[in-house]
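Every value quoted in this text rests on a predicted model; they were computed, and no experiment measured them. Just so you know, these numbers use all the heavy atoms, side chains as well, and skip hydrogens, waters and symmetry mates. When a ligand or atom number is given, it counts from 1 through the structure's own listing order.
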Amino acid sequence: MKQRQPELADAANMHIELLELHRRIRGRVPLPSFALSAEVLTRHSAEARPLLRFEEIPLDLTDLRLMVRQTADVLRRYGALEEADHHKVQSLGRDMKLLATVGEWYRSAAERHVSAGIGIVAPIAASSADEGMVGQVLTLAMRPFLSRCAEVLQQRSDLAVWPHSHCALCGGEPDFSVITPLAERHLICSRCTLQWKFEPLTCPYCANSDRSLITSFATPDGHYRVYGCDRCHRYLKAYDGRRSSRPVMPMVDTVATLPLDAAAIQRGYS
Ligand SMILES: [Zn+2]
Ligand SMILES: [Zn+2]
């Protein structure tokens with residue numbers, strides 16, 4: 001991609017550095033154990049309530065501080081973080097209240113869905129706690145810890161009872177998806193990378209299921225696809241597993257599809 005579209009080289013390099021940081025920390029995170037019976041899963045699904053409580057995440061405070069500060073440094077170096085935001089995140093990384101702030105950020109997503117209505121596909125609206133640059137840094141900084149938790153839940157076949165557009169584990173919203181060889185679409189959580197089955201042509205952001213209001217287009221090689229919603233004007237990228245032999249690699253495929261973001265934005269989606 002860097003050779004074909006040199007203007008995206010900086011963005012690609014930044015994501016590669018973030019990925020390396022993620023891998024280094026993730027290798028040190030122990031597999032968590034949390035209550036996960038079929039009964040618990042069914043109850044949480046009925047209430048649209050994500051499974052993982054903040055206290056159950058295997059967080060190491062030293063590693064979390066390191067992730068927060070180094071993520072901010074990488075973003076700043078590539079001009080993806082303003083000086084003022086960089087300063088804010090650096091002092092948050094040193095702050096005694098870091099855990100409380102991260103806990104609030106974590107819970108805000110889950111609470112939003114539960115309060116939006118029980119048992120329905122709740123539309124996702126931005127809330128103050130996780131919007132803005134600090135929220136984006138926390139999303140990246142928490143990923144090594146949350147993706148280890150997702151590993152545990154991903155093994156469960158009864159995860160299929162979860163019909164919602166937000167993540168069953170952490171309550172985050174999807175930012176990527178994969179089309180399986182059976183032509184199912186699985187959403188991928190932006191916070192923990194959990195994958196779960198969802199209606200192939202329903203917008204996960206506003207629940208629009210009118211097919212005439214969903215615009216879909218693919219890359220020339222057919223490996224990736226975009227779904228644009230003509231009601232809320234958001235879009236979702238997908239890796240098309242029907243045309244490829246390897247499984248989806250969320251953190252790599254998101255970077256490989258940077259040109260698709262440009263194409264979607266050009267068509268008026270965000
Ligand atoms: Zn999640
Ligand atoms: Zn929509």
Residues at least two apart in sequence or cross-chain that pass side-chain contact (heavy atoms from CB on, under 4.5 Å) with Ala256, listed by chain then number, are Tyr224

Row for the Zn ion (ligand 1): angle SG (Cys192) to SG (Cys189), 10° precision, value 110°

Between Arg225 and Ser216, does any side-chain donor sit less than 3.5 Å from a side-chain acceptor? yes

Between Asp253 and the options Lys237, Arg246, His223, the side-chain hydrogen bond (donor to acceptor under 3.5 Å, both in side chains) test singles out Arg246

With a cut-off of 2.8 Å, strictly less than, protein N/O/S atoms near the Zn ion (ligand 2) add up to 4

Exercise for the section: May I ask you to decide whether Glu173 forms a salt bridge with Arg234, counting only side-chain N to carboxylate O separations under 4.0 Å? Expected result: yes

Are the charged groups of Arg26 and Glu151 less than 4.0 angstrom apart, N to O? yes

Notebook entry, point to check: So, does Glu56 use its side chain to make a donor-acceptor pair with the main chain of Ser33 at under 3.5 Å?
Noted result: no

